[in-house]
Amino acid sequence: MINISFPDGSIRQFEKGTNALDIAKSISEGLARKVLAAKVNGKVTDASRPIDQDASLVLLTWDDAEGKETFWHSSAHLMAEALEAIYPGIKFGYGPPVDNGFYYDVDLGGREISQDDLKKIESKISELAAKNSPYLRTEISKEAALNYFTEKGDEYKVETIHELNDGEITFYRQGNFTDLCRGPHIPHTGFIKAVKLMNIAGAYWKGDEKNKQLTRIYGITFPKQKELDEYLQLLEEAKKRDHRKIGKELEIFVFDDDVGPGLPLWLPNGGAIIEQLENLAKKTEEEAGYYRVKSPHIAKESMYLTSGHLPYYAESMFPPMEMDGTKYYLKAMNCPHHHKIFSATPKSYKDLPLRLAEYGTCYRYEQSGELFGIMRVRSMNMNDAHIYCTEEQFESEFQAVNEMYLKYFKIFGIDKYVMRFSTHDPAKRGQKYLDMPELWMKTEDMVRNVLIRSKIPYIEVPDEAAFYGPKIDVQIWSVIGREFTLATNQVDFGQPKRFGLTFKNKNNQDEMPLVIHRAPLGTHERFIGFLIEHYGGNFPVWLAPRQVSLLPISDRHLDYAKRLEALFRKQRIRVELDDRSEKIGRKIRDAEMKKIPYMLVLGDKEEQESKVSVRKHGEGDKGQQTIEAFMEQVKNESAID
RNA sequence: GCCGAUGUAGCUCAGCUGGCCAGAGCUACUGAUUUGUAAUCAGUGGGUCGGGGGUUCGAAUCCCUCCAUCGGCUCCA
């Protein structure tokens, strides 16, 4: 007998060699019907694998992330079986589960597959699923595995097997399909009740653009049809919040063919949002002891040779323009300009830390396929600043920057985020990374300390640091599930060296400062794109492009409305007047559609008593208020911090 | 940059098995209406059917090419 311990702390005895499925049955048949896989001693395995010794056991169902993962992995195999049935001779690359479903990369051997074919494949999958074929695991020698796929003519699998060690190779078979796979898998195909193939895309073999491009088919499956319907419904909802759709509807930004791809034009509504964000950033930075600077959009080639951006990053920059025999580049980053500002006047330790901030406009030649709405563009306004400090000051400066991030997150109600802390690989110093071992170790330790001390959720990713120092990228998720890097916070000991930045220390000796690059609000482009989806276009009063819409009942109330308009403008309340000869219902509808926070209905009653009838967007009639009380309220709600 | 899809009025879309002057709703403009909490009525205007080339007696519709956008891949100092 062996002892099995469960997540609730209980321990029960079972026969040696029992499996998770049998254990589940001993608890209840209902549970057994739901078990997709098992976690034995922390490792996810097939529910049918025998357990030979004392172990902790978690039964994984659809409710567990690992359960879903296994379910989708098995679904990928099932799709592969369906594909092979329809397209004989097809070859397979990788077919893993992903966040929402799974994909399989396939080589169709010159055949084409279109959106219409997906329906056909879906039917085949459902048909195969209904057979309740078990997923069978076999351990196989490397030689036998190679023979199998060589005979089948699948060079991708052969290549993969070559990279594996003998003794760790397993095959899984369900129905007529056998795949190289380490598993685990769900008990049988019958669990897969609903299937939807989402789209087709090209994907390079092993993610290398030098390799052949395979066809990637994305799909998602569920144990119940209802769950698929709900998922599709969710996608529809997400579409409604898409910043590209709302950005157009609310007239926030546009792209124009004559201006160029990735070069957004901010319409007045977008301009108003930008104004508020900059006000917030400037106030926050001023309070934190930053100085504002301003630098040109272009610079000579020589500066980018000094910084080291040329020639390595020339591809990401717009091609140079030539003047009097000298090349000039549009700036792709602000740091070199700021370094020149630092070195413009002699510095002593008394000047540090020196914090230089600028909403700098940068231009990057992103590959055409990379452009995405306003989130990934070629001209962007960065909430940039560079902090020059001593090693002693580094940790507290870094901490202060992190606190600024947290302050912003609170203001915007961003509660889902993670910081990716990228560190270097000591073995690659001198090649991929600057050969400054002491600074690497010191700064990485300090950054880690700050993260731990601030209790900020972070993940450490080795070997992903910048060439010149460790960095933190802030990942956030928009409400529609879009994940992206909002901001970056980097340590730099490369550029200070290249630019020969120094300050006089207490002993009157030249010392090199450390530089922290930081951009908590990222770029206007990406951040506003995020905010549009975050708020679904319903901006809080302080950010709303138009805060108040004046809606006179009839033309005879126009004078009163105009008086209010002038009064509000003077108070810097962003107001608009609807002076059309429309009925009030129409004016309200249009203002609601524009998502303007406050609508003021103005008629005889209001004019006589110098009042306004307040209607709030999405909430309806709020009753009357005096002009003063209303203005006071809007101003309070518009105050930043 | 690569694979695939899409591109018709300011917006949303119909027309696309090739064949009368390319349509609708909303918007805009003009007029009437003077209105009390989510669409007043009438009239008018508005389109190189993404650009270019080709096939054809005839192209929004078929073919080629370029551009842009979208879904991915790759990339994001």
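Sequence lines set the chain letters: A, B, ... in the order given, protein chains first and strands last, and positions in each chain run from 1.
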So, does [X] use its side chain to make a donor-acceptor pair with the main chain of [Y] at under 3.5 Å?
| X | Y | answer |
| --- | --- | --- |
| A/K616 | A/P597 | no |
| A/K471 | A/F421 | no |
| A/E606 | A/G603 | yes |

Non-hydrogen atoms of A/M321 and A/L330 that approach each other most closely:
CE-CG, 4.1 Å
Return no unless some side-chain N or O of [X] is found under 4.0 Å from OP1 or OP2 of [N].
| X | N | answer |
| --- | --- | --- |
| A/R556 | B/U35 | yes |
| A/S316 | B/C76 | no |
| A/Y218 | B/C73 | yes |
| A/R586 | B/U35 | no |
| A/R244 | B/U69 | no |

Would you classify [X] as touching base, sugar-phosphate or nothing, given that sugar-phosphate means primed atoms plus P, OP1 and OP2, and contacts are heavy atoms under 4.0 Å?
| X | result |
| --- | --- |
| A/I584 | sugar-phosphate |
| A/G585 | sugar-phosphate |
| A/F467 | nothing |
| A/E582 | base |
| A/A203 | sugar-phosphate |

Closest-nucleotide mapping onto RNA chain B: is A/V614 or A/D257 further toward the 5' terminus? I mean the 5' end.
A/V614
Which comes earlier along RNA chain B counting from the 5' end, the contact point of A/L214 or that of A/D242, where each point is its nearest nucleotide?
A/L214
Using the ring of each side chain (for Trp, its six-membered ring), is A/F253 parallel, tilted or perpendicular to A/H243, with breaks at 30° and 60°?
tilted
Between A/H524 and A/Y359, what is the ring plane arrangement, given parallel below 30°, perpendicular above 60°, and tilted in between?
parallel
Considering only [options], which nucleotide approaches the side chain of [X] most closely?
| X | options | answer |
| --- | --- | --- |
| A/Y204 | B/C2, B/C76, B/U69 | B/C2 |
| A/Q213 | B/C3, B/A77, B/C75 | B/C3 |
| A/D621 | B/U37, B/U35, B/U69 | B/U37 |
| A/R589 | B/C73, B/A38, B/A77 | B/A38 |
| A/V601 | B/U37, B/A77, B/A38 | B/U37 |

For the side chain of A/S581 and the base of B/U33, is some donor closer than 3.5 Å to an acceptor across the two?
yes
Stacked cation flag A/R355 on A/Y388, 6.0 angstrom / 45 deg:
no
Please confirm whether A/Y231 and A/F222 have ring centers closer than 6.0 angstrom.
yes
With a 3.5 angstrom cut-off on both distances, give the Watson-Crick or G-U wobble partner of [N], or none if there isn't one.
| N | answer |
| --- | --- |
| B/A42 | B/U30 |
| B/C49 | none |
| B/G36 | none |

Contact state string [nucleotides 7-13 of chain B, B base, S sugar-phosphate only, - no protein heavy atom under 4.0 Å]
----SS-
